Amino acid sequence: MSSDADTTIQSDTQLGRCGLDHTRAERPGRGVIHTWGSTLIPTTREAPSDAESPSHILLSRAGYIRKLGSGIYDYLPLAWRTLRRISQIVREEMDAAGASELNLPVLLPIELYAGTRRDADYGDLLFKVTDRKGAVAALGPTHEEPITELVKGSINSYKQLPINLYQIQTKFRDEARPRSGLLRCREFIMKDAYSFHTALEGAGGLNETYDKMYAAYTNVFRRCGLDFTAVEAESGPIGGSASHEFMVNAPSGEDTILKCPVSGYAANVEKCEIGDRGLHTLDAEPTGELAEVHTPNLPGIDEVGKFMKVKPDRMLKTIVFAVTRHDGSRHWAIAVVRGDHDVNEGKVKIAVREMTGDANATVSLADEKAARAAGFAIGYVSPKVINSVKGTLLIIDHDAAQGGFWASGADKPDHHVKHFNWKREVGPILADLRYVKVGDARNAMAGDPSPRATGSRLETARGIEVGHIFKLGTKYSQAMGLSVLDAHQQSRPVIMGCYGIGVSRTMAASVEQNHDADGIVWPPAIAPYHVLITVLKPDAPEHREAARTIADRLASSGMDVLIDDRDERPGVKFKDADLIGLPVRLTIGDKALAEGAVEFKARRVPGKGEIVPLSDTVAKCRAAMSG
RNA sequence: CGGGGUGUAGCGCAGCUUGGUAGCGCGUUUGACUGGGGGUCAAAAGGUCGUGGGUUCAAAUCCCGCCACCCCGACCA
């Protein structure tokens, strides 16, 4: 099949900087017809040795991506077509939700970050370049600063709000450890949107746009054909007050999410609340004499437990945090959880803020040296230390605020104690609500009581984060001086939201979720082509002609077609067909052709294909696209 | 950033211990046979052995520095 077989002229122009924008000069509703021989699909039998995750292996083997450096990948023609499809779906849903597309620079002068201090918050994660004059610029990881700067200079009145602006472009993050191919890259494609409001509630408020974005994201991932879960999330270092993550469900996912099967509540580990765990029994009687045990050179709670013959769920884990109040004053807080549980820093922060009444208090894991100097035997701390280090707050997780046998640190190096008793060891301060609080201080786990349905238990699942929406509040507008006059001529800081979708990650996540032993299985909506026509004898005129005729009909019907016109053995073509994963394969061979038919095979259906008359193939293919 | 590991042909690997003409499989090219699930035979092209230095008559191999990449952990809008 020669290249003049392409009857459709395709003019895809990459506009803008690293943007994905493109225009298609093809007839509306008509698909394209490309031939394998005239594009670049370098499939391989073996994957590069550094590829481990399914998406990395399959996208590499199937000729979609190629690694150029650590966390940097070429997008070959098939990948680019899929990325364009995902982008187009994103674009349509964003536009439908009232957002406007623009394109901001990737190269951002570091001075932009001066007000928000995010260069420090981001730290080494921010890619930096130095120009010939020695000026430093960041390669944009997200665009809160430049978009705020833009809006600040162009919007002055509440009448111009709300507005929601988005872009689709290449982003940069200097990841400490890029991994899993496209799932964690240093250079990746992302859609980021930012909305601006004068109010939280009501028409035109942030909440309204946030809900629209939630709906738009749901549409995007549903249209992409992905099985996903929207979970409640912590907003992280980006700041803000509320957020949801959209997770593609896949067992190979890096993130753990928790779901309540009864109420539908879903959240990530950092955020997930835990239901009622019953009354605490801090005043229970001792189980025995306090006994000190010498426990040298035991690095973790598991090792200590083994050595003392105590199970982790009977040990108290005490973690020291440094607290800085809004007025700059500093003190300590310790969080106590059961040995088999993990402390949740976000929950500790919430508890500290409640106890101090300081909504701006910051809480971070204590610096070891400073904590030791203050009197904490790091690694061997017990709750009773609050009596010796004055002013220390004590947050006890519900599951640790119980009577019975406990082992704990002994507040001196290399020693633990058995028969720790809350009332006896900590004393009267336990009842002082200014210093002691019993609450939720740990990560949720499978089997924990649901916070939304009595009697229901949380379940865990793995996911890949592909979308994240935040309520930012006024963090950036205040830091950068973005305000507008309201109807009463009062200057008001603008309230912001931001909304991201990892476009290249979505492609990889789809492969993680949709593949089998033979290769990729694309959802039709984001497959690079809809139909692969495998021509068994490309030299035979009648085979070529049949392929051409069917391809034309499919294209007229709006489907994109790839014709495998290579002079390869059938086995090679079938293997490659499975590998690249197009939803439908039509095989042109002698047997079927003699009956005026072709062989139809849906990629997702195992087994042999079926013989379909030429006249029915278009309808058959169309049906497969919606399945 | 801590720990471990790897750099030899487009891809996957051997050779290094014990220094002496750089090899294998896949892929690629040519020809013949073949033709419905990665074919057979024959011939061929393709590598400054990551890089800089050192030891040596001689270094892919031994020594030192550097760089790149991977894995585990820390970290992760």
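All values derive from a computational prediction rather than experimental measurement. Protein chains get the first letters and strands the later ones, always in sequence-line order, with residue 1 at the start of each.
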What does A:Glu254 touch in the nucleic acid at a heavy-atom separation under 4.0 angstrom: a base, only the sugar-phosphate, or nothing?
-> nothing
Side chain A:Asp342, main chain A:Asn344, donor-acceptor under 3.5 Å | no
In whole Å, what separates the C1' atom of B:U18 from that of B:A58?
-> 16 Å
Measure up the A:Phe246 and A:Phe228 rings against each other and bin them: parallel (under 30°), tilted (30 to 60°), perpendicular (over 60°).
-> tilted
Are the charged groups of A:Lys128 and A:Asp174 less than 4.0 angstrom apart, N to O?
-> no
With sugar-phosphate meaning primed atoms plus P, OP1 and OP2, does A:Phe188 contact a base, only sugar-phosphate, or nothing at under 4.0 Å between heavy atoms?
-> base
What nucleic acid atoms does A:Arg61 come within less than 4.0 Å of, heavy atoms only: base, sugar-phosphate, or nothing?
-> base
Can you check nucleotides 24-34 of chain B for protein contacts, nitrogen or oxygen pairs under 3.5 Å, and list what you find?
from, atom 1, to, atom 2, distance (Å)
B:G25, N2, A:Glu46, OE1, 3.4
B:C26, O3', A:Arg45, NH2, 3.4
B:C26, O2', A:Arg45, NE, 3.4
B:U34, O2, A:Arg569, NH1, 2.6

Distance in angstrom units between A:Arg566 CZ and B:G39 C1', rounded | 15 Å
What is the pairing partner of B:U56, taking Watson-Crick or G-U wobble pairs with both distances under 3.5 Å in any strand?
-> none
For B:U48, the Watson-Crick or wobble counterpart (both distances under 3.5 Å) | none
When the P atoms of B:A22 and B:A32 are considered, how many whole Å apart are they?
-> 35 Å
Which base, if any, makes a Watson-Crick or G-U wobble pair with B:A42, both distances under 3.5 Å?
-> B:U30
Indicate the ring-plane relationship of A:Tyr217 and A:Phe221, choosing parallel, tilted or perpendicular according to the 30° and 60° boundaries.
-> perpendicular
Among B:G38, B:C76, B:G36, which is the nearest nucleotide to the side chain of A:Arg173?
-> B:C76
Touch class at under 4.0 angstrom, heavy-atom based, for A:Ala47 against every strand present = sugar-phosphate
A:Gly589 near the nucleic acid: base, sugar-phosphate alone, or nothing, with a heavy-atom cut-off under 4.0 Å?
-> base
With a 4.0 Å cut-off on heavy atoms, is A:Asp567 in touch with a base, just the backbone sugar-phosphate, or nothing at all?
-> base
Between B:A77, B:A74, B:G37, which nucleotide gets closest to the side-chain atoms of A:Asp578?
-> B:G37
The Watson-Crick or G-U wobble partner of B:C69, with both key distances under 3.5 Å, is B:G5
Is A:Glu245 salt-bridged to A:Lys271, cutoff N-O under 4.0 Å?
-> no
Look through every strand shown and name the nucleotide pairing with B:G19 as Watson-Crick or G-U wobble, where both distances are under 3.5 Å.
-> none
Of B:G36, B:C71, B:C76, the nucleotide closest to the side chain of A:Glu52 is B:C71
Counting only non-hydrogen atoms, which of residues 591-599 of chain A are less than 4.0 Å from RNA chain B?
-> A:Glu599
Within this structure, what is the CZ-to-P distance between A:Arg603 and B:G37, rounded to whole angstrom?
-> 17 Å
N-O pairing of A:Glu144 and A:Lys475 below 4.0 Å = no
Between A:Arg603 and A:Asp516, does a salt bridge (Lys or Arg N to Asp or Glu O under 4.0 Å) hold up when you go through it step by step?
-> CA-CA 10 Å; A:Arg603 177 64 180 84; A:Asp516 61 21; 2.8 Å; yes
Complementary nucleotide for B:A14 - Watson-Crick or wobble, under 3.5 Å = none
Specify whether A:Tyr214 and A:His244 have parallel, tilted or perpendicular ring planes, treating 30° as the upper limit for parallel and 60° as the lower limit for perpendicular.
-> perpendicular
Which residue lies toward the 5' end of RNA chain B, A:Lys573 or A:Met190, if each is placed at its nearest nucleotide?
-> A:Lys573
Interatomic distance, CZ@A:Arg45 vs CG@A:Asp576, rounded to 0.5 Å, equals 10.0 Å
Please check the phosphate of B:C71 (OP1 and OP2 only) for any side-chain N or O of A:Arg177 closer than 4.0 Å.
-> yes
With a 4.0 Å cut-off, would you call A:Lys537 and A:Glu542 a salt bridge?
-> no
Base, sugar-phosphate, or nothing: which does A:Pro48 touch, judged by heavy atoms less than 4.0 Å apart?
-> sugar-phosphate
Rounded P spacing from B:A9 to B:G15 in Å | 15 Å
Interatomic distance where CG belongs to A:Asp576 and P belongs to B:G37 [whole Å] | 15 Å
Whole-Å distance between B:A77 C1' and A:Met247 CE?
-> 14 Å
Residue whose nearest RNA chain B nucleotide is more 5′ - A:Phe574 or A:Arg179 | A:Phe574
Among the nucleotides B:G37, B:C72, B:C75, whichever has the atom closest to the side chain of A:Ala176 is B:C75
